[in-house]
2 protein chains.
Amino acid sequence: MAQATPRYHHGNLRAELLVSAERKLETTGVQGLSLRELAREIGVSHGAPRQHFPDKQALLDALAVLGLERLGRELGAALGEAEGPFADRLLAFVRAYVRFATAHPAMLALMFARKDRPDAPELLEAGERAFAAPVALIAGAQAAGEIDDADPDRVAMALLATIQGLATIITGGMIGDRSDDVVVSGTVETLLRGLRPTR
Amino acid sequence: MAQATPRYHHGNLRAELLVSAERKLETTGVQGLSLRELAREIGVSHGAPRQHFPDKQALLDALAVLGLERLGRELGAALGEAEGPFADRLLAFVRAYVRFATAHPAMLALMFARKDRPDAPELLEAGERAFAAPVALIAGAQAAGEIDDADPDRVAMALLATIQGLATIITGGMIGDRSDDVVVSGTVETLLRGLRPTR
DNA sequence: CCTAGAATCTAGTCAGTGTCTAGAAATGTA
DNA sequence: TACATTTCTAGACACTGACTAGATTCTAGG
């Protein structure tokens with residue numbers, strides 16, 4: 001894995017930086033991520049990363065894009081395997097999302113910390129691609145009459161908000177000693193039934 | 001306001017640090033907040049803040065508690081003024097929450113960035129106090145039969161997740177060119193009606 | 001009043017960081 | 001083989017958070 005005789009040209013620095021950065025991100029969070037430390041671990045001088053990322057934010061952006069792509073793959077896979085009525089497939093989707101969120105909380109925060117970089121079109125595009133499968137799920141369910149045929153956009157926003165909030169309060173420890181899955185399935189059920197009395 | 005002849009003892013450093021820190025937080029975000037810069041602005045040596053906050057994280061924690069208290073006051077005020085049926089009061093509550101989130105996005109992120117400090121009981125307590133009013137809203141509505149009498153805890157978690165997610169996707173710019181209020185009221189309506197077909 | 005002791009602030013230091021620069025080394029190409 | 005480009009090294013700079021010793025001010029107790 002590590003080069004026995006380190007060459008002057010690393011040959012794959014950009015990719016290895018991203019790998020190391022992601023590992024560091026998951027263990028220490030974004031604030032414990034240092035370009036110089038990454039370079040040290042890889043065995044390259046402290047200025048080398050600059051050749052591939054003009055500054056630290058560029059590395060973080062690239063990392064966020066990778067995270068969005070992986071999230072998209074996982075959501076797509078979960079929905080691809082899901083069978084049965086809409087409620088089951090919805091639950092499978094939300095479970096997959098929350099699984100990703102709890103497995104990679106720092107990455108999730110990075111993916112949605114858009115405050116710092118107002119102009120990052122590739123991030124927005126990556127986000128849209130990541131959420132293609134759930135959007136299709138909603139559209140399909142509405143077409144099949146499985147859910148209320150209200151404004152699809154409205155429903156999509158509500159669903160997006162709910163799962164994103166679920167991820168935040170779970171990874172933030174705000175669910176106390178409740179089990180993740182109970183909160184997830186309970187929220188999905190509430191979302192399906194609505195708050196209004198059923199009779 | 002500023003002391004004409006600066007005294008050796010500032011007399012109110014801790015409070016002024018928090019005020020300056022909050023202003024800086026709102027303009028530059030948490031990563032642009034420097035203890036030394038705060039000390040410089042206030043006109044005190046770079047080591048002075050250490051007397052009141054053992055490290056930077058302690059200042060951020062104190063700031064988060066202040067934010068939670070203010071959020072609690074605003075939510076309480078909004079719900080205190082709200083009249084009419086449950087749906088109206090719920091909407092008033094969500095609007096107040098989103099208003100706070102969009103006005104102080106960096107503060108909101110700070111308040112819920114609990115990953116870095118696993119043990120911060122005063123933060124948890126402040127959080128519970130901040131959400132006292134909405135919890136009471138749900139409990140009261142259930143008692144009055146205004147909403148489905150499912151597990152109150154389940155409903156509360158779902159509602160908390162939804163508003164927190166709303167705040168995240170709105171402040172994160174993920175709602176595109178939709179207006180905040182349309183997304184807010186649309187989500188509340190979806191939450192009330194549920195996703196299931198009504199007939 | 002005055003005098004210890006505690007609280008508060010200053011000044012200096014240290015390791016660490018991100019960014020910038022000039023130049024060396026390797027790679028690709030004509 | 002010669003040359004231009006990419007990639008990396010090495011040194012520097014300003015900045016940060018944290019630690020320390022000591023100066024200054026405040027506060028009670030006698």
Side-chain angles (χ1 to χ4, degrees), chain A residues 1-25 27-64 106 110 113 115-117 120, chain B residues 1-25 27-64 106 110 113 115-117 120:
Chain A
M1 182 167 285
Q3 202 77 16
T5 58
R7 299 171 304 179
Y8 189 92
H9 276 43
H10 180 282
N12 203 22
L13 223 196
R14 191 190 142 94
E16 191 162 348
L17 276 172
L18 287 173
V19 170
S20 291
E22 183 179 355
R23 186 177 52 234
K24 201 70 188 175
L25 180 72
T27 58
T28 68
V30 65
Q31 69 173 353
L33 202 160
S34 148
L35 287 182
R36 291 176 103 108
E37 187 179 357
L38 290 183
R40 234 174 291 138
E41 284 178 8
I42 296 179
V44 93
S45 85
H46 67 264
R50 198 163 199 272
Q51 210 65 225
H52 304 275
F53 303 101
D55 59 8
K56 190 178 181 179
Q57 190 61 55
L59 202 179
L60 296 180
D61 286 358
L63 220 47
L110 198 64
K115 314 166 193 73
D116 317 317
R117 37 193 179 322
Chain B
M1 182 166 284
Q3 202 75 19
T5 59
R7 297 171 303 179
Y8 190 92
H9 276 45
H10 180 282
N12 204 20
L13 223 196
R14 191 191 142 94
E16 191 161 349
L17 275 172
L18 287 172
V19 170
S20 291
E22 183 179 357
R23 187 177 52 234
K24 201 72 189 173
L25 180 71
T27 58
T28 68
V30 64
Q31 68 174 353
L33 203 159
S34 148
L35 287 181
R36 290 177 103 107
E37 187 180 358
L38 289 183
R40 235 174 290 141
E41 283 178 7
I42 296 179
V44 93
S45 82
H46 67 263
R50 194 163 203 274
Q51 211 64 226
H52 304 275
F53 303 101
D55 60 7
K56 191 179 183 179
Q57 190 60 54
L59 201 178
L60 295 180
D61 286 358
L63 220 47
L110 199 64
K115 315 167 192 72
D116 318 317
R117 36 194 180 321

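None of the values given here were measured: they were computed from a predicted structure. Residue numbering restarts at 1 for every chain, and letters A, B, ... go by the order of the sequence lines.
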Expressed as a whole number of angstroms, how long is the span from [X]:[atom1] to [N]:[atom2]?
| X | N | atom1 | atom2 | answer |
| --- | --- | --- | --- | --- |
| A/Q51 | C/dA22 | CD | C1' | 13 Å |
| B/E37 | D/dA18 | CD | C1' | 18 Å |
| A/F53 | C/dT19 | CZ | P | 13 Å |
| B/N12 | C/dC9 | CG | P | 10 Å |
| B/E16 | C/dT8 | CD | P | 15 Å |
| B/K56 | D/dT16 | NZ | C1' | 8 Å |
| A/Q31 | C/dT17 | CD | C1' | 14 Å |

From C-beta outward on [X], which listed nucleotide comes closest to its side chain: [options]?
| X | options | result |
| --- | --- | --- |
| A/A48 | D/dT9, D/dT7, C/dT17 | D/dT9 |
| B/L13 | C/dC9, C/dT19, D/dC8 | C/dC9 |
| B/L35 | D/dT7, C/dT8, D/dG17 | D/dG17 |
| B/D55 | C/dT17, C/dG18, D/dA18 | D/dA18 |

Item to check | Euclidean distance, A/R36 CZ relative to A/S45 OG, rounded to 0.5 Å | outcome: 9.5 Å
Next on the checklist: Let's go through A/L59 and A/L38 carefully: what are the C-alpha distance in whole Å and the side-chain angles of both, what is the deciding distance for side-chain contact (heavy atoms from CB on, under 4.5 Å) to 0.1 Å, and is it a yes or a no?
Outcome noted: CA-CA 11 Å; A/L59 202 179; A/L38 290 183; 4.0 Å; yes
Next on the checklist: Please give me the minimum heavy-atom distance between A/F53 and A/A62, naming the atom from each residue.
Outcome noted: CE2-CB, 3.9 Å
Classify [X] by what it touches in the nucleic acid, base, sugar-phosphate, or nothing, heavy-atom distance under 4.0 Å.
| X | result |
| --- | --- |
| B/I42 | nothing |
| B/R14 | nothing |
| B/L38 | nothing |

Item to check | Residues that A/H52 engages under side chain to side chain contact (heavy atoms under 4.5 Å, CB included), provided they are two or more places apart | outcome: A/L13, A/R14
Distance test, side-chain N/O of [X] to OP1/OP2 of [N], below 4.0 Å:
| X | N | answer |
| --- | --- | --- |
| A/R40 | D/dT9 | no |
| B/H52 | C/dA7 | no |
| B/S34 | D/dG17 | yes |

Next on the checklist: Under a 3.5 Å distance rule, please check whether B/K24 uses its side chain to pair with a backbone N or O of B/E37 as donor and acceptor.
Outcome noted: no
Checklist entry - Are side-chain heavy atoms of A/E22 and A/L63 found at a separation under 4.5 Å? => result yes
Item to check | Steps toward side-chain contact (heavy atoms from CB on, under 4.5 Å) verdict (B/D61, B/Q57) | outcome: CA-CA 6 Å; B/D61 286 358; B/Q57 190 60 54; 3.1 Å; yes
Report each atom pair, protein N/O against N/O of nucleotides 11-13 of chain C, whose distance is under 3.5 angstrom.
| from | atom 1 | to | atom 2 | distance (Å) |
| --- | --- | --- | --- | --- |
| C/dG12 | O6 | B/H46 | NE2 | 2.7 |

